[in-house]
Amino acid sequence: MTDSTTTDYIGSDHFLPENTLLLNAMTEGVYGFDLAGNAVFINPAAEQMTGWKSAELIGRNIHDCHHHSHADGSHYPQHDCPIYRTLHDAIPRQVTDDVFWRKDGSSFPVYYSSTPVYDQQQLVGVIAIFRDVSMQKHTEQSLRQALAQVQALSERLASENQYLLTELQGQQGASGISGNSQPIKQLIQQIHLVANTDSTVLICGENGTGKELVARNLHRLSHRKDQPMVSVNCAAFSTALLESELFGHEKGAFTGATARRKGRFELANNGTLFLDEIAELSLSAQSKLLRVIQEQSFERVGSSETIKVNIRLVAATHHDLAARVEQGLFRMDLYYRLNVFPITVPPLRERREDIPQLVSDLVTSLSKKLGKKITKVSAKGLKNLQQYAWPGNVRELQNLIEREMILSQSGHLLFNTLPAVVAPPLAASTLTMAQAEAAHIITVLNASHWRISGPFGAAAMLDMPASTLRSRMKKLAITR
Ligand SMILES: Nc1ncnc2c1ncn2[C@@H]1O[C@H](COP(=O)(O)OP(=O)(O)OP(=O)(O)O)[C@@H](O)[C@H]1O
């Protein structure tokens with residue numbers, strides 16, 4: 001290093017002579033330029049940072065030495081150089097994203113300023129003060145990487161947390177399968193038979209019969225019980241969204257994909273994936289699902305990287321899937337892959353003898369939720385419940401009990417206001433889908449005295465928003 005006390009860094013008849021000691025003591029590099037752009041002063045810190053000795057540069061145009069190209073290697077013409085621009089317009093400048101080049105050909109990132117120097121109000125040159133910011137840049141880079149890791153981690157935790165919460169809520173809600181009828185005994189036997197295998201299970205049954213409850217029990221009784229059970233309602237997403245929901249996506253895979261996201265197949269790894277409303281899958285999603293089932297691998301949307309997973313698949317539908325295969329709406333090969341072990345959950349009207357126990361169990365769990373004590377259910381009320389057709393199955397029963405409990409002042413449940421309709425089971429096989437849907441909606445509308453919204457309305461009974469029910473009624477031309 002140059003000895004600042006012995007070296008004369010100043011061209012004899014230039015500016016700055018009085019401040020040499022101060023400038024030499026600075027830890028920032030300092031260059032002085034005359035109006036022609038030639039170096040007139042270089043302090044020891046600058047020498048140390050660039051490797052250029054003062055004696056080699058004084059009197060020379062040093063843009064070509066320390067500033068000859070940009071960091072990306074592109075040419076850096078002198079007229080673009082902020083220091084030289086200051087020489088011409090006397091405007092001070094600060095630069096935070098540039099590099100200086102060392103004598104050995106290497107470069108380092110700098111922050112620098114170029115400031116005009118006046119002698120008796122006459123512009124005589126420019127002083128450039130620069131700092132090697134390699135350390136700061138390195139720290140910034142590490143911080144950026146750490147931040148990206150934290151973001152990825154927090155994103156992962158957020159999505160995993162969401163599934164864990166769903167899982168927890170599901171476990172709290174799954175108080176077991178109530179009932180002692182022959183169909184329920186058979187159902188429980190089937191669950192026990194297949195739960196601890198990795199076989200795919202297809203659960204069929206009308207809405208509200210307890211298909212999801214069966215799926216939760218399959219998971220709970222399996223060796224995967226300590227891993228997540230991840231549920232997807234295939235009817236809740238558009239085709240494009242469903243694929244990214246199932247398989248995940250890379251950042252930028254489509255508009256709005258601002259970050260990489262894991263799909264539910266990945267989140268369910270080593271656990272159970274429950275695909276509810278499987279009949280609603282588009283044909284394209286069906287093909288992809290078939291491949292995952294066959295190979296237990298898939299790619300995220302927008303990625304070519306193959307991800308291997310180990311999942312147990314449970315699917316459910318309230319449709320007749322075989323009929324949908326015949327109609328060309330569902331792939332036959334996928335149907336057979338899913339239908340390895342079919343379980344049919346019986347409708348409530350086919351097991352009316354379970355109603356007393358269901359009422360008792362549902363009252364017990366709802367008492368906790370509503371903070372209400374029920375001491376008696378009238379025998380007449382129970383009989384009414386057993387005579388009703390239950391188009392909405394156990395869910396409808398649950399909703400009815402909840403309403404009755406909210407209304408009850410005495411702690412007794414009378415079920416006198418039960419819909420008078422004692423509908424015969426719908427012969428669904430002779431109806432089209434639209435007819436069956438219309439018939440079901442009309443049954444529930446009758447039961448709710450054609451009230452649509454509110455706690456006693458048909459929408460609540462059908463477990464759907466009132467606006468959705470109104471638009472379905474319009475579509476199906478249902479009027480009173
Ligand atoms: N046998 C049963 N014992 C106790 N509760 C039941 C039984 N069957 C269903 N339930 C309850 O009824 C409600 C509806 O059940 P679930 O959501 O499993 O039906 P689902 O067939 O999956 O309905 P959907 O086809 O509309 O998705 C849930 O709260 C569930 O806990």
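Starting from 1, each residue takes its place in the sequence as its number. Fair warning: this is a prediction, and the values are worked out from it, not measured in the lab. Whatever order the structure lists them in is the order used to number ligands and atoms, beginning at 1.
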Checklist entry - Can you find an N/O atom of H318 closer than 3.5 Å to an N/O atom of ligand 1? => result no
Item to check | Validation row: H318, K211 side chains within 4.5 angstrom (heavy atoms) | outcome: yes
Next on the checklist: Using the rule given for side-chain contact (heavy atoms from CB on, under 4.5 Å), can you reason through W390 versus L385, listing the C-alpha separation, both sets of side-chain angles and the distance that settles it, and then say yes or no?
Outcome noted: CA-CA 9 Å; W390 299 111; L385 293 178; 3.7 Å; yes
Item to check | Stepwise salt bridge (Lys or Arg N to Asp or Glu O under 4.0 Å) check, R291 with E299 | outcome: CA-CA 11 Å; R291 206 195 123 205; E299 286 90 35; 3.1 Å; yes
Checklist entry - Using a distance-only test with no angle check, is there a side-chain donor-acceptor pair under 3.5 angstrom linking T272 and R224? => result no
Next on the checklist: Checking contacts here: is it the side chain or the backbone of E212 that comes within 4.0 Å of ligand 1, counting heavy atoms only? Could be both or neither.
Outcome noted: both
Checklist entry - Would one find an N or O of L213, backbone or side chain, under 3.5 Å from an N or O of ligand 1? => result yes
Item to check | Audit row: T306, E295, side chain to side chain donor-acceptor pair (under 3.5 Å) steps and yes/no | outcome: CA-CA 11 Å; T306 300; E295 297 169 21; over 6 Å; no
Checklist entry - Counting from 1, what ligand 1 atoms have a heavy atom of L358 closer than 4.0 Å? => result 2 (C), 3 (N), 4 (C)
Checklist entry - If we only count heavy atoms from C-beta on, is the L358 to R351 side-chain gap below 4.5 Å? => result yes
Checklist entry - Any idea which atoms of ligand 1 are less than 4.0 Å away from a heavy-atom of N207? => result 24 (P), 25 (O), 26 (O)
Next on the checklist: Is it the case that atom NZ in K251 sees more than 12 heavy atoms from other parts of the structure closer than 6.0 Å?
Outcome noted: no
Next on the checklist: Heavy atoms only: which of L348, T209, N393 lies closest to atom 8 (N) of ligand 1?
Outcome noted: T209
Item to check | Pair R261-E245, salt bridge (Lys or Arg N to Asp or Glu O under 4.0 Å): steps then yes or no | outcome: CA-CA 9 Å; R261 185 157 181 251; E245 196 64 34; 3.4 Å; yes
Item to check | For atom 14 (C) of ligand 1, the option (of E396, M464, R395) bearing the nearest heavy atom | outcome: R395
Next on the checklist: Once you restrict to heavy atoms under 4.0 Å, what part of E206 touches ligand 1? Side chain, backbone, both or neither.
Outcome noted: backbone
Checklist entry - Going by the order shown, which atoms of ligand 1 are within less than 4.0 Å of some heavy atom of D276? => result 27 (O)
Checklist entry - Relative to the ring of F298, is the ring of F247 parallel (under 30°), tilted (30 to 60°) or perpendicular (over 60°)? => result tilted
Item to check | G179 touching ligand 1 at heavy-atom level, < 4.0 angstrom | outcome: no
Checklist entry - Would you say I184 and ligand 1 have an N/O pair spaced under 3.5 Å apart? => result no
Checklist entry - Does V214 approach ligand 1 within less than 4.0 angstrom via side chain, backbone, both or neither, non-hydrogen atoms only? => result neither
Next on the checklist: Using side chain to side chain donor-acceptor pair (under 3.5 Å), reason through Y388 and E396 one step at a time and then give a plain yes or no.
Outcome noted: CA-CA 11 Å; Y388 182 58; E396 189 186 355; 2.7 Å; yes
Next on the checklist: Quick check: E277 and ligand 1, any N/O pair under 3.5 Å apart?
Outcome noted: no
Checklist entry - Is there a heavy atom in D361 that sits closer than 4.0 Å to ligand 1? => result no
Next on the checklist: Is there a polar contact, in the sense of an N or O pair closer than 3.5 Å, between K211 and ligand 1?
Outcome noted: yes
Item to check | Side chains of F130 and T50 in contact at under 4.5 Å (non-hydrogen atoms) | outcome: yes
Item to check | Part of V345 with heavy atoms under 4.0 Å of ligand 1, whether side chain, backbone, both or neither | outcome: neither
Item to check | Sub-4.0 Å atoms of ligand 1 with respect to non-hydrogen atoms of Q398 | outcome: 12 (O), 13 (C), 28 (C), 29 (O)
Item to check | No-hydrogen, no-angle side-chain donor-acceptor test under 3.5 Å, H319 and E277 | outcome: no
Checklist entry - Of S178, G208, A215, which has the heavy atom at the shortest distance from atom 1 (N) of ligand 1? => result S178
Item to check | Any N or O of V394 closer than 3.5 Å to N or O of ligand 1 | outcome: no
